[in-house]
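It should be emphasised that the depicted structure is a prediction, and the values quoted were computed from it without experimental measurement. FYI, side chains are in, hydrogens and waters are out, and symmetry mates aren't considered; it's all heavy atoms of this structure.
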Amino acid sequence: MRFILSSTEQKIMELLWKNQKWMSGADFWEYFNSNGQNCKRQTINTYLSRMTQKGLLIKNEKKYMYAYTKEEFEEKKAEEVLNTLYEGSLEKFVFALTGNKKINSDEAAELKKYLDKFD
């Protein structure tokens, strides 16, 4: 799945979202190695290349930026999970979430209140 990330990919995205600026492969390599995750430059470049191919990053010469804000990314990820694992069915998702058990009246009211926002 495109929006399900490995821990390293997640760290790359979090760093870009936090800094909100274009970063080079060397910047990422320096960050990982100074934070106890020793890795080779080629490893970082492979991650960046794959993430660019998946459409998660934008490359401008030798620098990278996120293609989606964190909020946009989370929306896309939720949509991908819903469509891939639950055939796009909110009903199947809720059944899976609740373990196919009934929800109490407070939970039902909260869910209804949330769903009413979309009317």
Side-chain angles (χ1 to χ4, degrees):
M1 288 193 285
R2 182 173 148 197
F3 292 95
I4 303 300
L5 304 178
S6 70
S7 62
T8 300
E9 290 172 327
Q10 186 69 39
K11 288 176 186 172
I12 288 169
M13 294 301 289
E14 292 291 343
L15 187 60
L16 284 168
W17 288 325
K18 178 182 173 189
N19 291 329
Q20 296 186 351
K21 66 177 185 175
W22 291 86
M23 296 180 69
S24 69
D27 294 330
F28 291 108
W29 179 82
E30 192 174 297
Y31 168 80
F32 283 109
N33 283 280
S34 66
N35 286 289
Q37 188 174 337
N38 296 332
C39 56
K40 296 179 182 177
R41 287 182 190 262
Q42 184 56 45
T43 303
I44 295 299
N45 289 334
T46 299
Y47 275 108
L48 295 172
S49 176
R50 288 182 183 163
M51 292 174 75
T52 302
Q53 289 172 356
K54 287 168 49 172
L56 300 173
L57 300 179
I58 300 167
K59 184 177 181 183
N60 184 358
E61 295 184 23
K62 294 185 177 188
K63 295 201 174 200
Y64 298 85
M65 177 55 84
Y66 53 83
Y68 302 97
T69 65
K70 188 168 187 167
E71 294 77 20
E72 292 169 334
F73 179 83
E74 293 300 329
E75 283 179 29
K76 296 279 188 191
K77 182 169 136 180
E79 184 178 315
E80 180 179 65
V81 167
L82 181 66
N83 290 332
T84 303
L85 301 178
Y86 303 102
E87 300 169 352
S89 169
L90 277 174
E91 182 180 6
K92 289 180 182 180
F93 173 72
V94 171
F95 280 142
L97 188 64
T98 62
N100 216 6
K101 297 175 187 169
K102 289 188 175 186
I103 58 176
N104 66 39
S105 59
D106 289 340
E107 292 169 326
E110 184 179 342
L111 184 57
K112 183 176 179 347
K113 181 179 174 183
Y114 175 75
L115 292 173
D116 285 344
K117 292 179 186 178
F118 298 103
D119 281 343

Exercise. Looking at OG1 of Thr69 and CD of Gln20, how far apart are the two atoms once the value is rounded to the nearest 0.5 Å?
Worked result: 9.5 Å
Exercise. Donor-acceptor pair, Ser34 side chain versus Tyr31 backbone, under 3.5 Å?
Worked result: yes
For this session: Kindly compute the distance separating CG (Asn19) from CE (Met65), expressed to the nearest 0.5 Å.
Result: 9.0 Å
Exercise. Which pairs with one or both residues in residues 104-118 pass salt bridge (charged side-chain N to carboxylate O under 4.0 Å, His left out), sequence neighbours excluded?
Worked result: Lys112-Asp116
Exercise. According to a 4.5 Å side-chain heavy-atom criterion applied to Ile, Leu, Val, Met, Phe, Trp and Tyr, with indirect links allowed, do Leu82 and Ile4 form part of one hydrophobic cluster?
Worked result: yes
Problem set entry | Residues Phe3, Tyr68; criterion side-chain contact (heavy atoms from CB on, under 4.5 Å); working and verdict | CA-CA 11 Å; Phe3 292 95; Tyr68 302 97; 3.8 Å; yes
Exercise. Rounded to the nearest 0.5 Å, what separation is found between the NZ atom of Lys77 and the CZ atom of Arg2?
Worked result: 14.0 Å
Problem set entry | For the student: nearest non-hydrogen atoms of Phe32 and Cys39, plus distance | CB-SG, 3.9 Å
Seminar exercise, completed: Value for CD1 (Ile44) from CD1 (Ile12), rounded to nearest 0.5 Å, stands at 5.5 Å
For this session: Would you kindly confirm whether Leu90 and Tyr86 end up in one hydrophobic cluster when ILVMFWY residues are joined by side chain heavy atoms under 4.5 Å apart?
Result: yes
Problem set entry | Test side-chain contact (heavy atoms from CB on, under 4.5 Å) applied to Met13 and Leu57, step by step | CA-CA 9 Å; Met13 294 301 289; Leu57 300 179; 3.7 Å; yes
Exercise. Residues two or more places apart in sequence or in another chain: which of them pass salt bridge (Lys or Arg N to Asp or Glu O under 4.0 Å) with Glu14?
Worked result: Lys70
Seminar exercise, completed: Which of Thr52, Ile58, Leu56 passes side chain to side chain contact (heavy atoms under 4.5 Å, CB included) with Tyr64? It is Thr52
Exercise. Which heavy atom in Ala67 sits nearest to a heavy atom in Gly55, and how many Å separate them?
Worked result: CB-O, 3.3 Å
For this session: Please lay out, stage by stage, how Met23 and Leu16 fare under the test side-chain contact (heavy atoms from CB on, under 4.5 Å).
Result: CA-CA 8 Å; Met23 296 180 69; Leu16 284 168; 3.9 Å; yes
Exercise. Can you tell me how far the OG atom of Ser7 sits from the CD atom of Gln37, to the nearest 0.5 Å?
Worked result: 6.5 Å
For this session: Starting at CH2 of Trp17, measure out to CD of Gln10 and round the result to the nearest 0.5 Å.
Result: 5.5 Å
Seminar exercise, completed: residues 51-62 vs salt bridge (charged side-chain N to carboxylate O under 4.0 Å, His left out), sequence neighbours excluded, gives Glu9-Lys54
For this session: For Leu15 and Phe28, work out which heavy atoms get closest and say how close.
Result: CD2-CD2, 3.8 Å
